[in-house]
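Worksheet: the structure to be examined is printed underneath.
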There are 2 protein chains.
Amino acid sequence: MGERNKKIIILKVAEKLFANNGYEGTSIRDIAREGSFNTALISYYFGSKEKLLASIFVYRLERQDQLFTAYWDKKDPLERLSSINAFYVDEFFEKRSFFVLMNQVQAFPGKYVTVKEICNELQSKINQVFSEAVEAGQQQGILREEINVPLMVAVIFGSISKIVFFRCLIFNNPDTSIKYEADIKDAVNTTLRAVVAGLILP
Amino acid sequence: MGERNKKIIILKVAEKLFANNGYEGTSIRDIAREGSFNTALISYYFGSKEKLLASIFVYRLERQDQLFTAYWDKKDPLERLSSINAFYVDEFFEKRSFFVLMNQVQAFPGKYVTVKEICNELQSKINQVFSEAVEAGQQQGILREEINVPLMVAVIFGSISKIVFFRCLIFNNPDTSIKYEADIKDAVNTTLRAVVAGLILP
DNA sequence: CCTACCGATCGGTAGG
DNA sequence: CCTACCGATCGGTAGG
């Protein structure tokens, strides 16, 4: 199987359980049981439960840099904004457990300092990407001048989070089928288009 | 001091610690230490740690019904929407720990079922209040016809949550002073006005 | 990579 | 409302 593969299996099992039951609510025994390996393997490969958590974030965020350049080379600022949004909607669905976990970590004011620093780095890059698109739009006279980018990003990611996490409320079923997945995705994208539309000059 | 007062002290101490460190991350010993009372008091008054958590939600949400009628009797639909938003922004700031906790609870897909049911009741009422305002606005030809209320509510509450919880990112300081509190509140209200503006017919 | 085990801490309660 | 304590489980590791 190889050491690298085994580590990634542990990462993904832990990611899922942490997302569902929380970091404190998941014991290393829970993780070992779910992945059918020995408890001691976690210390063996990662050093500690805390370092396992950090490793999940390093693993998930290390590839984001490449994704940045690949996705939003669109010239038109509005198209670029929509493209960035659509990209993150896809990301939320594809790596749902991870983003649930990221959302949890940020919901604890006094905890997970190391992991939050990793997230903040990504957040800065996201803000910058949005900033460039907005500035381009402003220079072309398409977008309002008074747009506050960090607040706009908060609205966009807050909306994605709430809609993806509220799915159980919208459809009254936490384990929604593929059919509903697509419906939610459409709903988020439509909603974000409305948010972006609010940024356009009348 | 009276039994009722003591119970409320325990509720508020627990609320704060749960919000900061999570339900699983807070032991009944932590709560007892912070409130300078005996560990056994929690079982004595509430039965268990889990019932203490539920009691916090019952305590915080039992008064919401009265608040509904008192706040948004405004006739004009747009004014009413703004009034509801402003009310919840105030609520988030006044009962910050509670809403941080509520946000946490909802961030765990497989946990806190009892507490989530209490939240869902409130959520339904909130959706209904927004629904009435939106329908009134549509009948008067002010608001777009295609507004999806649950999604709109998700955008509004997602935005409030993210901005209030992202304060540390915006100001790079988790323990913001009163001056900054006011700044954040202004920012949220401005942002929500932009969201509502997106609902108006062009 | 597993067995066997450590000290610490957990939620909870019997008895007063 | 406190003391003293229970059994269970926690994260982690020595030794192989």
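Each chain gets a letter, A, B and so on, in the order its sequence line appears, and its residues count up from 1. Everything numeric in this text was worked out from a predicted model, so none of it was measured.
Residues satisfying the salt bridge (Lys or Arg N to Asp or Glu O under 4.0 Å) test with B:Arg33, not counting sequence neighbours, are B:Asp30. Taking B:Tyr112 as the reference, B:Tyr23, B:Phe108 meet the ring-ring contact (aromatic ring centres under 6.0 Å, His included) condition, with sequence neighbours excluded. Taking A:Phe130 as the reference, nothing meets the ring-ring contact (aromatic ring centres under 6.0 Å, His included) condition, with sequence neighbours excluded. With sequence neighbours excluded, no residue satisfies salt bridge (Lys or Arg N to Asp or Glu O under 4.0 Å) with A:Glu135. For A:Lys12, there are no salt bridge (Lys or Arg N to Asp or Glu O under 4.0 Å) partners two or more places apart in sequence or in a different chain. Checked against salt bridge (Lys or Arg N to Asp or Glu O under 4.0 Å), A:Glu132 has no partners two or more places apart in sequence or in another chain.
For residues 26-37 of chain B, proximity to DNA chain C is found at B:Thr26, B:Ser27, B:Ile28, B:Arg29, defined as any non-hydrogen atom under 4.0 angstrom from a strand atom. Using a 4.0 Å cutoff on non-hydrogen atoms, the parts of residues 48-57 of chain B near DNA chain C are B:Ser48, B:Lys49, ordered by number.
With a 6.0 Å cutoff to the six-membered ring centre and a 45° limit on the axis angle, A:Lys185 counts as a cation-pi contact of A:Phe93.
Along DNA chain C, the stretch of nucleotides lying under 4.0 Å from any heavy atom of chain B spans, 5' to 3', C:dC10 to C:dT13.
In this structure a side-chain-to-backbone donor-acceptor pair under 3.5 Å is missing from A:Lys162 to A:Phe157. Using a distance-only test at 3.5 Å, with no hydrogens or angles considered, a donor-acceptor pair links the side chain of B:Gln138 to the main chain of B:Arg144. Side-chain atoms of B:Lys116 come within 3.5 Å of backbone atoms of B:Lys111 as a donor-acceptor pair (strictly under, hydrogens ignored).
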Please tabulate, for the side chains in residues 149-156 of chain A, all donor-acceptor contacts under 3.5 angstrom to protein atoms that are two or more places apart in sequence or on a different chain.
none

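Applying the ring-ring contact (aromatic ring centres under 6.0 Å, His included) test to every pair with at least one member in residues 25-60 of chain A, sequence neighbours left out, gives these pairs: A:Phe57-A:Phe98.
A:Tyr45 comes within contact range of the sugar-phosphate backbone alone, with a heavy-atom separation under 4.0 Å but no base atom that close.
Annotated stems with DNA chain C as a participant read C:1-16 with D:1-16, given as range with range, by first number; only runs of 3 or more Watson-Crick or G-U pairs under 3.5 Å qualify.
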